[in-house]
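Sending over a structure as structure tokens; questions will come in a sec.
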Protein chains: 2
Amino acid sequence: MYQTFKATTRPGDGPPRLEQLRAQMAAEGLDGFLVPRADRFQGEYVAPADERLAWLTGFTGSAGFAAVLADIAGVFIDGRYRVQVKSQTDTRVFTPVPWPDTSLETWLIDALPLGGVVGFDPWLHTVAEVQRLEKALGPRQIALRPVANLVDAIWQDRPAPPMGKVTRWPDALAGSSATEKLSMIAAALADAGHDAALITQPDSLCWLLNLRGGDVRHTPLVHAMGVVRRSGALDLFVESDKLGDVALPKAVTVLAPDALEAVLASEEGRIRIDPATAPFAAMDALSAGPSRVVEGPDPCLMPKALKHPDEIAATRAAHLRDGVAMVRFLHWFDTKAPQGSLTEIDCVRALEGFRAETGALREISFDTIAGAGPNGAIVHYRVTEDTNAPVRPGQLFLIDSGGQYEDGTTDITRTLPVGAVGDEERIAFTQVLRGMIAIHLARWPRGRTGAHLDALARAPLWQAGRDYDHGTGHGVGVFLGVHEGPQRLSPISTVPLEPGMILSNEPGYYREGAFGIRIENLVVVAEAGPIPGDDARNLLCFDTLTYAPIDTRLIMADMLSGAERDWLNGYHGEVLALLGPELDSDTAAWLTRACAPI
Amino acid sequence: MYQTFKATTRPGDGPPRLEQLRAQMAAEGLDGFLVPRADRFQGEYVAPADERLAWLTGFTGSAGFAAVLADIAGVFIDGRYRVQVKSQTDTRVFTPVPWPDTSLETWLIDALPLGGVVGFDPWLHTVAEVQRLEKALGPRQIALRPVANLVDAIWQDRPAPPMGKVTRWPDALAGSSATEKLSMIAAALADAGHDAALITQPDSLCWLLNLRGGDVRHTPLVHAMGVVRRSGALDLFVESDKLGDVALPKAVTVLAPDALEAVLASEEGRIRIDPATAPFAAMDALSAGPSRVVEGPDPCLMPKALKHPDEIAATRAAHLRDGVAMVRFLHWFDTKAPQGSLTEIDCVRALEGFRAETGALREISFDTIAGAGPNGAIVHYRVTEDTNAPVRPGQLFLIDSGGQYEDGTTDITRTLPVGAVGDEERIAFTQVLRGMIAIHLARWPRGRTGAHLDALARAPLWQAGRDYDHGTGHGVGVFLGVHEGPQRLSPISTVPLEPGMILSNEPGYYREGAFGIRIENLVVVAEAGPIPGDDARNLLCFDTLTYAPIDTRLIMADMLSGAERDWLNGYHGEVLALLGPELDSDTAAWLTRACAPI
């Protein structure tokens, strides 16, 4: 199993560790110290050695940070984690702070005297973050001071940094070799008039060099940074032991991670750095040297987002394989669940089992979200042995999961009835489904962003006075991060959608204490192609990647338009044609029923 | 008639005037001179004294500018005017430049040598515009030099500046007195920590002081500028003869327009200036003095956009009155047009006649757009005696018009069949109608902008591979500008929609050389109120202002969803109930048929 259901922290560990940290702060002459959840790569998953926030506070959520002062320690958490933080931390010594409602700046200004000094580890905070804090705190005479990490100083049994083995990702899946990609990036730097760029995002380097690794859970990342030059040469800062005998292009020079600062300090010419993701320490190192820093996006960000046709073909194969596992799970669930003996954990185990039986599963894309009844309304619910709920007849069951295969990353959500469910649930399900179909059917002119399309997914819910408090979709990688930028379907998106971008399409509806609904397919932006009577406007559209049935027993058919019904029936026809031949006869018979036109 | 159909310029006048201008340039040592269409108020309509671009070049479009160099004179026009510019200017001496495809900066850099000097009238260009030009031209060693207007120097029979009589706009319509509004603005300045604000927009001052004037066509503006202070005092720079005996609040001091520079130069403290609309000359005057300039929006911009409930009630009355005139026109058209003897100008005259017969018409909101058949596909078509086309059976006829009444400003577009028309036209009409209904039906959470909703209006066309190349809607004033900001329904909108904002809802479809379709109602943003089964999210919606039938003979009823059909039938029920009692029996009988449910 790639997923565990045990609690990994204890609230009682926090108070003595907090005391030790405060002693360190006093010794350093600091009035505060920041403990982010992030590591130096700013990724969604961090290695055990980087779980400083969880070690200190007990809080294990995927986002947040602590600000420790002499007399108060704020744990900043967003809306997803307001309940969880209270069960994981000792709230007698840690104070949950609702974030971003309360910003760190505001909180520090309120809590600290003039002349206060706050320490931070410059590797764990981005350039943009430190600039923003300095701008807000400077006028209030509160100083930020980069220091060696105080948590590391007191963390006795801190795990070693990860040493995941690096492997080549086949050029045949990538469509371009590392050498070709290096040339492309070099040309882009030359075009922009830049001499070099700092790359601090592991997924950018994995994409660039066609490498995959194992340094964190759920995403095959190699912890590494790099400096790429307009010559096409790349200095790669990575533990060389991880590389084994993996062949790298001649243009790549492998250096130890701790050589980065010296290289940056001696860099010449114009060097690009992405303030949104680069550690402040890197900017600091550059400032000490002769280079001229230019702020701009990671040069791999956009080329990585525009998937090569071979990558899209690869991920299609992964999605069909994953679809077979999903259908086997759905059949299993449909047979077992109405008997009333399953728990959420049973379902998570079963689904991972079906994925493992493909023989190709490398990891799961993220901890499966499996919520029965009211637990389905907790948007980022992760079942543990403490919360594990029975799956009861009459309930909705929401399951959001994905697999990492060598040829692709999947992410799929289905909401399932356990036996017969009420009309309230079916009406809401149909509203969500109509929004999801609107995205599948969308065609739009170039230049539009996810912000322009987001309302199409929400309109059916808005009509009913409802909404969901998350984005409609996020970018997805190919055997890389299940969440990647810069594309997204969200009211705050600013990046035009372009062919080759993979996104999730996942509207939802959540009724607290009652049920949750989400339906999610992955899609890829494509040229829409001509249709009769059109105006040759070369519109874009979403092609479908995810194939698995959507439960028609939850649909109020008379709420669908003809076009919506046609889409659903057409989709189910494709599901049956693509997956049916891969199934045993029992499952195939079940799928035929599940895909019957409505 | 408020509209004329005669050409007002002759191409032949341009070349000798251009020669004179070049002589002026040479005398001043300039390599170029800019002639914008804008006056110092940057409004949509300019007074005859400010028609410098038309006087010089012959081009009378509502947007554009000329850049005159020693050997080339570029006339920059957007996509609406590519054809018109060729018929109005002598293209042997004037070179049409497609704008914004080619920017002024790029064109000047290409055309001028290093060290070139371009003169401009600092009153006719905004702060933002000059800053943008200087940023682009500076590095290429091309200088901008503010000078007295060279066109004015050679324009012998230049009309006098407008002296439209100023009248009070009743507090009962405005809902707030000028004194109350001055207090509100003063409080907002104090909140922002600003000591004063420069107001250069006539509609801002008309709103603030509950005044209306007559300095330009179609919009009851008073040409004036002002400096409002956090004390609530206002220096009003306006020709005092215009004011007559109009009473102003005690806090207002009337000064001559040419006193503005001296006042700005002696202003102290922090003064706000809106770079998007303030003339560069004002910034220049401030820079010479002791004040500290803060760039920020005109303080009246947002309060003006959030209409008072009394303003909304007033404009509702204007819309019903205008609806009666529209229905009389539609009935007249439906009776006459199929006989084949009408021209576009006949229709414009008739419609203005029906509006005039209300006894309350102060002006038309803009020159009526009346396009038969292919002319309907020219988005900003203005009929002249030269283009006047017959309205033929089998064609579509597009008519976009509005009235200025003391209690409101209207803007309505209807597309009408002349007898029986083809299914192509009806299919396209129904696609446009579905988009228009989607906006009428929209409900959305606070914080969304017009950019988030725009796709709802386009989706039915996008589905068919079609689109329209204009925004979905613009802001509208109350007995003020028919185009006002900052709200809009457009992919580039950045301003959240808030209750009280009035917008047009006007999707369209245009097939060049064949037909044009646009359907337009005005709407006002409102609280949506609760509906059964909702989640108390306090959504917003659009309330309808415009009432007039939408031609059901153009609708393919089976393309509409149940909700769309319900909206249309409900709307027609309201049209009949609201307008029917105001009509003679023949027209009422026609309206009853026009509003029959489908």
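Keep in mind that the numbers below use all heavy atoms, side chains included, and drop hydrogens, waters and symmetry copies. By convention in this document, chain letters (A, B, ...) are assigned in the order of the sequence lines, proteins followed by strands, and residues within each chain are numbered from 1.
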>> Within the supplied structure, the quantity of interest is the number of heavy atoms (other residues, nucleotides, ligands) at a distance under 6.0 Å from A:R80 CZ; does it exceed 12?
In response: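 Yes, because the 6.0 Å sphere around CZ of A:R80 holds more than 12 heavy atoms from other groups.
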>> Nearest 0.5 angstrom please: A:R443 CZ to B:Q463 CD, how far?
In response: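 Going from CZ on A:R443 over to CD on B:Q463, the span is 7.0 Å.
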> Does B:A455 offer a backbone N or O that forms a donor-acceptor pair with the side chain of A:H452 under 3.5 Å?
Replying inline: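 No: the side chain of A:H452 does not pair with the backbone of B:A455.
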> Hey, which of A:L540, A:L441, A:L453 is the one that makes side-chain contact (heavy atoms from CB on, under 4.5 Å) with B:W462?
Replying inline: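 With B:W462 as partner, side-chain contact (heavy atoms from CB on, under 4.5 Å) holds for just one option, A:L453.
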> Where on B:A459 is there a heavy atom nearer than 4.5 Å to chain A: the side chain, the backbone, both, or neither?
Replying inline: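 B:A459 touches chain A through side-chain heavy atoms alone.
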>> I want to check something: taking the side chain as every heavy atom from C-beta on, are B:Y509 and A:D535 in contact at a cut-off of under 4.5 Å?
In response: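 The answer is yes, as the side chains (C-beta and beyond) meet within the 4.5 Å cut-off.
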> Taking every heavy-atom pair that is under 4.5 Å apart, which of B:A451, B:P491, B:A442 has the most such pairs with chain A?
Replying inline: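 Looking at each of B:A451, B:P491, B:A442 in turn, B:P491 comes out on top.
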> Taking every heavy-atom pair that is under 4.5 Å apart, which of A:G447, A:A536, A:A528, A:A464 has the most such pairs with chain B?
Replying inline: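 Top count of heavy-atom pairs under 4.5 Å with chain B: A:A464.
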>> At a heavy-atom distance under 4.5 Å, which candidate from B:G533, B:S561, B:A563 has the highest pair count against chain A?
In response: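 Answer, by heavy-atom pair count under 4.5 Å with chain A: B:G533.
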> Within a radius of less than 6.0 Å around CZ of B:R82, do more than 12 heavy atoms belonging to other residues, nucleotides or ligands occur?
Replying inline: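 Correct, the count exceeds 12.
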>> Does any backbone or side-chain atom of B:D467 lie under 4.5 Å from a heavy atom of chain A? Answer side chain, backbone, both or neither.
In response: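 For B:D467, heavy atoms of backbone and side chain both lie under 4.5 Å from chain A.
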